[in-house]
Structure formats: structure tokens, C-alpha cells
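One structure is given here, and the rest of the page talks about it.
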Amino acid sequence: MDEQFDDIRPFNDDEIPAAVASLSKEEYFRKVAEYLPGDTDTFMQEFSKVSTTDDFQTRMLFPFLRWIARTTSDSLLGVGFGNIDPSKPYTYISNHRDILLDATLLGLLLAEHGIPTPETALGDNLLVYPWMSQLVRVNKSIIVYRNMPMMKTLEEAHRLSGYINHALRDKNRSVWIAQREGRAKNSDDRTQESVIKMLALEGDGDLRHNVEALNIAPVSISYEYDPCDYLKAREFQLKRDNPDYRKSPKDDLKSMSTGLLGKKGNIRFSISGSINAEVAKLPCHLKRSEFFTAVAAIMDRKIHQGYCLFAGNYVAYDMLAATGRFVDKYTPAEKQEFETYLEGQLAKIENLPSPDYPYLKARMLEMYANPLRNRMAVCGCPL
């Protein structure tokens with residue numbers, strides 16, 4: 001069964017020793033290791049002992065993530081793990097905050113709660129060097145091929161759906177995938193219906209059965225500070241000024257390194273549990289398109305409900321709307337701290353012809369105000 005997925009699936013455990021041996025000989029992999037905490041030779045010796053995907057995560061990945069959390073965040077916490085049955089596979093679908101950390105930090109938190117870590121869908125556009133494909137497959141990643149001709153894209157969607165359903169049904173493995181292709185640059189998180197449609201392509205039953213078989217568990221990710229906010233604001237202006245602008249692989253590498261190593265403040269994950277009960281209540285007469293719209297709406301509601309809001313979210317809303325509506329949610333010191341942070345991030349923007357600072361600042365404020373707006377819309381009242 002696995003053969004048709006050989007180039008996109010994670011490595012099986014019996015393939016790990018060969019992949020580790022190959023990566024250990026890769027010059028650029030060692031160069032990356034030199035930037036990690038600790039002695040490089042010790043790291044490489046530890047890496048050479050890796051024998052399974054779980055071993056890689058326990059031995060190499062999780063200590064690194066804990067170091068990242070200690071050095072770039074004030075705290076990393078998760079809630080809702082009691083909603084997950086460790087014996088069952090889930091399709092975790094989250095909003096997309098960081099290219100590398102969304103899935104890996106979720107995996108760390110799941111493991112710390114005794115829940116198996118998921119296989120994770122990762123776009124091939126991020127795999128700038130060939131050895132990166134090997135490394136992410138050691139880490140339970142599923143390669144998602146992008147930017148292909150139309151017919152090839154449809155064919156690949158069926159294959160990706162087939163593998164994810166195979167992982168859930170036959171391997172009893174959970175899977176993580178972002179709610180949309182690429183991050184919502186303005187933090188207005190909305191589930192792309194195409195993601196749900198893709199996942200349901202290769203199930204064993206009708207549409208409703210296929211979606212329920214995915215056992216979707218929405219995950220909300222909240223950052224007090226987004227290290228990439230100024231890069232996203234820069235991209236907003238570049239696209240405004242040149243609709244044909246496209247990011248380069250160098251830009252992707254910059255976003256990855258900034259997101260990994262930049263200041264994040266407090267980080268919160270919230271898992272709502274399976275949406276199957278709500279899917280089962282959807283009217284039977286819904287057309288196909290209406291059904292997917294309804295499932296995406298359930299996803300959005302769960303993710304928006306799960307946001308953790310920080311002082312900066314309220315400050316950004318009030319600054320953007322020129323109001324004092326939420327002045328009781330932050331102190332003058334917290335407002336000053338956020339404004340100082342914002343100015344510092346704006347000052348980092350470079351290689352931008354004629355920076356439009358009012359526009360850039362407004363885009364950054366939206367990134368912090370939109371989670372509050374979305375949670376208010378779900379709750380129906382100010383928080």
C-alpha cells in the first residue's frame with residue numbers, strides 16, 4: 001500500500017538508519033547543526049544513534065524545542081488535551097502562525113500529555129535544499145507538492161488525500177495539517193474549504209462519512225508576539241505596489257529563521273476535540289458545496305473560540321479603531337510596551353522601496369486585532 005506514497009510519506013522506522021547515515025554525511029546539515037545549542041560533535045554523535053521517528057523526536061527534536069521555548073518565549077502552555085483519546089487517530093487542523101513551529105510544538109505538547117505525535121503535512125516549497133526532504137521525513141512529515149500544472153495538482157490532491165486516509169485508517173496515525181495553504185498574513189484565520197475537500201477525496205464512504213472518518217480536531221494557536229509580523233507587513237506593501245510580487249526561497253528561509261528564533265512572548269495551544277458530533281447534526285439536504293462551507297464554519301468557530309487573548313490584542317484593536325473600548329483590559333504600562341514593540345518591529349523593515357509607514361503600521365495592528373475581532377464574533381459580546 002505504501003509504495004504509491006513512497007516519495008511523500010514519512011520514513012518508516014526501518015528506513016531511518018539509512019536516512020540518518022545519509023544526513024550525517026551532508027555538509028550543509030552539519031553547518032546548520034553548528035548554530036544549535038551545545039557542541040556540534042556531540043549533537044552529531046547523538047543524531048547517529050537515532051533509530052526510529054519517535055526516537056528522533058525524543059532524542060533530538062524535543063530538547064531543541066524546549067530550548068526554543070525557553071529562549072524565545074515567556075511560556076508555552078496547552079489546554080484541551082483531555083478532549084483527545086490517545087488510542088484514536090485524529091486529523092489535527094490548526095490556524096497557521098509559524099512555518100516550522102505550529103506542528104512541532106503541538107507534537108511536543110501532545111507527547112508531554114502521553115498522546116502520540118502526528119504525522120505533519122509540509123509544503124515542498126519550504127524544502128529549499130534536497131537534504132531537507134530527508135530530514136523532515138525522519139520527523140514524520142508528509143510532503144505536499146505545490147505549484148504544479150492544473151491536472152497534476154488534482155492528481156496530487158487525490159494522492160495526498162489517499163495517504164492521509166491510509167495513515168488514519170490503516171496505520172492508526174494522527175495527522176496535522178494547517179487550515180489553509182500558507183499563513184493568514186493578517187491573522188484573520190479562515191479554513192479553506194479546499195483543504196476539507198482534499199481530505200475527503202479518498203475516503204471509503206459518502207461525503208459525510210468521509211469527513212467524520214477524518215476525526216477532525218481543531219487546534220487554536222495564539223502568539224503574544226509574532227516575530228514575523230514586520231516581514232508580513234513588508235510583503236503586504238510589496239504586493240500592494242506590485243500585484244505580481246512573489247516571495248523567493250530566500251524570503252522563505254528568512255521567515256523560517258525569524259519565526260524560529262524571534263521573540264514570541266507567551267504561546268498558547270488549545271485543542272477543542274473532535275467535531276464529529278457537530279458534523280453529524282448538519283442537515284442531510286445540504287448540497288456538496290454547502291456541506292463543505294458548513295464544515296469550514298464549524299472549524300472556524302472552534303478555532304476562534306480557542307484563541308488566548310493578550311494585552312496587545314486589545315491595545316491593537318483600540319489603536320486601530322481610535323477608541324478606548326477595551327482600556328480596562330490593559331494597563332498604561334502594557335499599552336506603552338506594545339507600542340514600543342510595534343515601533344521596534346517597524347524599524348526592522350528593510351529592502352522596501354518607499355516604505356509607507358502608516359500603511360505598514362495599520363497592517364501590523366490588524367494582525368493583533370483580528371484574533372480579538374474573530375473571538376468576539378463567536379462569543380457575540382465583548383470579552
Side-chain angles (χ1 to χ4, degrees), residues 1-69 71-72 98-108 111 116-148 156 159-160 163 167 171 173 175-176 247-261:
M1 180 69 178
D2 265 12
E3 288 80 2
Q4 62 181 305
F5 308 122
D6 273 353
D7 62 323
I8 65 170
R9 63 169 173 79
F11 288 129
N12 296 322
D13 283 346
D14 62 358
E15 298 170 309
I16 295 298
V20 166
S22 175
L23 282 163
S24 297
K25 298 173 185 174
E26 175 57 56
E27 176 187 358
Y28 287 100
F29 175 67
R30 185 180 178 88
K31 285 185 180 296
V32 170
E34 291 173 0
Y35 289 94
L36 301 178
D39 177 70
T40 302
D41 288 335
T42 302
F43 172 88
M44 295 303 294
Q45 288 171 10
E46 276 296 296
F47 181 67
S48 69
K49 300 173 186 176
V50 168
S51 58
T52 67
T53 55
D54 285 327
D55 188 31
F56 171 78
Q57 293 187 338
T58 302
R59 187 189 295 268
M60 311 302 299
L61 179 64
F62 293 162
F64 171 68
L65 291 174
R66 292 187 183 104
W67 176 80
I68 286 289
T71 56
T72 72
D98 184 84
I99 295 171
L100 296 176
L101 293 177
D102 289 349
T104 53
L105 288 178
L106 174 62
L108 172 63
T117 60
E119 298 186 1
T120 62
L122 185 70
D124 70 327
N125 58 301
L126 304 177
L127 308 176
V128 180
Y129 303 109
W131 61 266
M132 288 183 173
S133 295
Q134 279 192 307
L135 180 61
V136 299
R137 292 176 71 195
V138 169
N139 188 38
K140 298 188 181 180
S141 289
I142 306 162
I143 307 299
V144 180
Y145 290 113
R146 293 178 173 159
N147 300 319
M148 295 179 295
E156 201 58 35
R159 191 162 72 116
L160 178 59
Y163 177 74
K171 298 170 68 177
R173 288 275 189 89
V175 172
W176 171 90
K247 285 199 303 181
S248 68
K250 184 178 179 181
D251 292 323
D252 283 330
L253 284 174
K254 174 73 171 175
S255 291
M256 282 190 276
S257 61
T258 301
L260 198 63
L261 301 173

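Values below: every heavy atom of this structure, side chains too, minus hydrogens, waters and symmetry copies. Computed from a predicted structure; not experimentally measured.
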- Query: Of all heavy-atom pairs between Leu108 and Leu65, which one has the smallest distance, and what is that distance?
  - Reply: CD2-CB, 4.0 Å
- Can you list every pair that meets salt bridge (Lys or Arg N to Asp or Glu O under 4.0 Å) and has a residue in residues 47-62, with sequence neighbours left out? Glu46-Lys49, Glu46-Arg59, Asp54-Lys140, Asp55-Arg59
- Taking only residues two or more places apart in sequence, or in another chain, which ones meet Lys254 in a side-chain hydrogen bond (donor to acceptor under 3.5 Å, both in side chains)? none
- Query: Does Ile142 reach the side chain of Tyr163, with side-chain heavy atoms less than 4.5 Å apart?
  - Reply: yes
- Query: Can you list the residues that meet the side chain to side chain contact (heavy atoms under 4.5 Å, CB included) rule with Ser248, with sequence neighbours excluded?
  - Reply: Lys250, Asp251
- To the nearest 0.5 Å, what is the distance between CZ (Phe11) and CG (Asp13)? 12.0 Å
- Message: Taking Arg137 first and then Glu15, would you say they form a salt bridge - that is, a charged N and a carboxylate O separated by under 4.0 Å?
- Response: no
- Task: Give, for atom CG of Asn139 and atom OG1 of Thr53, the distance between the pair rounded to the nearest 0.5 Å.
- Result: 8.5 Å
- How would you list, by chain and number, every residue that makes a ring pair (Phe, Tyr, Trp, His ring centres under 6.0 Å) with Tyr145, sequence neighbours excluded? none
Please list every donor-acceptor pair under 3.5 Å in which a side-chain atom of residues 25-34 meets a protein atom from a residue at least two apart or in another chain.
| residue | atom | partner | partner atom | Å |
| --- | --- | --- | --- | --- |
| Glu26 | OE2 | Tyr28 | N | 3.3 |
| Arg30 | NH2 | Asp41 | OD1 | 2.4 |

- Item | Gap between atom CG of Asn12 and atom OG1 of Thr52 - 0.5 Å precision | 12.0 Å
Side-chain polar contacts of residues 122-130 - donor-acceptor pairs under 3.5 angstrom, sequence neighbours left out - could you list them?
| residue | atom | partner | partner atom | Å |
| --- | --- | --- | --- | --- |
| Asp124 | OD1 | Arg146 | N | 3.0 |
| Asn125 | OD1 | Arg146 | NH1 | 3.3 |

